[in-house]
Trainee: 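This is the structure I have questions about; it appears just below.
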Amino acid sequence: MLYLLVSPKRVYRNIYYHKQTKNQWARDDPAFIILQVAGIAVMAAAYSVVYGVGIHGFIKALVQLLLVNYFIFGILIATVTWFVANRFLRHQNVHVADQQVEWMYAFDVHCNSFFTFYVFAYVLQFFFLPVLMKTSWMSLFLGNTLFALAGSAYAFTTYLGFHAMPFLHHQESFLYTIPVIAMAYLVSLFGFNLSHHLIDFYF
């Protein structure tokens, strides 16, 4: 997990070696997903304690953060990236055996990318809550910056995941969301505090 933050390219080099030894791109061990589920549950509990929402508030937050954000959105994003990669990004070479992106690998890429998002948007935001919950422009700037970094890190890690596959090309397409995030971030600095809105929605 640490390498996803400090050296994500190394993670995908290891996945390439995994492909060479086990003839599949996707993980065959659910341990990473289990750790992420536990991490999301811990953060949901921590936010619930801070905001005093009780067990019902905790369950509501857990459903939203885990079931919706992690699994449902993850399945949708994995399906879209899997389809795009197979439909538009594969090399068409008659001299090479046809290869396709596995759907489970696309979901693995989501899991890796979500971890970087989780660190910025869940963990760091929690520790900065005393600042973020103030009604000042600095709290707006800090909160929105954390979310912009989270979204950009998700996009970049997704790009690296598909860049590791030698039978794909134009993987930089997955980076096109970063300018969109940057534009939305700049507009948000004129008064839309994303941290305030999301905290109000979840808790």
Trainee: Do we see a donor-acceptor contact under 3.5 Å between the side chains of Y70 and Q36?
Mentor: yes
Trainee: Donor-acceptor pair, H197 side chain versus N193 backbone, under 3.5 Å?
Mentor: yes
Trainee: Check which hydrophobic residues are tied to F141 through side-chain heavy-atom contacts below 4.5 Å, counting indirect links as well, and list them.
Mentor: W137, M138, L140, Y185, L186, L189
Trainee: Would you call the rings of F162 and F174 parallel, tilted or perpendicular if under 30° counts as parallel and over 60° as perpendicular?
Mentor: parallel
Trainee: What are the two closest non-hydrogen atoms of T116 and Y154, and how far apart are they?
Mentor: OG1-N, 3.8 Å
Trainee: Could you name each residue pair satisfying ring pair (Phe, Tyr, Trp, His ring centres under 6.0 Å) that touches residues 41-60, not counting sequence neighbours?
Mentor: Y47-F126, Y47-F203, Y51-F203
Trainee: Mark yes or no for whether N112, through its side chain, and T157, through its backbone, hold a donor-acceptor pair below 3.5 Å.
Mentor: no
Trainee: Where the side chain of R90 meets the backbone of Q100, is there a donor-acceptor pair that is under 3.5 Å apart?
Mentor: no
Trainee: Heavy atoms only: give me the nearest A41-L62 pair and the separation to one decimal.
Mentor: CA-CD1, 3.7 Å
Trainee: With under 30° as parallel and over 60° as perpendicular, where do the rings of F117 and F114 fit, or are they tilted in between?
Mentor: tilted
Trainee: Which atoms form the tightest heavy-atom contact between M165 and Y105, and what is the distance?
Mentor: SD-CE2, 3.6 Å
Trainee: Counting only N and O atoms by type, is there a donor-acceptor contact under 3.5 Å from the side chain of S113 to the main-chain atoms of T158?
Mentor: yes
Trainee: Is there a donor-acceptor contact under 3.5 Å from the side chain of H196 to the main chain of L132?
Mentor: yes
Trainee: So, do M43 and L65 sit near enough that their side-chain heavy atoms are less than 4.5 Å apart?
Mentor: no
Trainee: For N144 and S195, work out which heavy atoms get closest and say how close.
Mentor: OD1-N, 4.2 Å
Trainee: Would you say the side chain of Q125 lies within less than 4.5 Å of the side chain of F147, judging by non-hydrogen atoms?
Mentor: yes
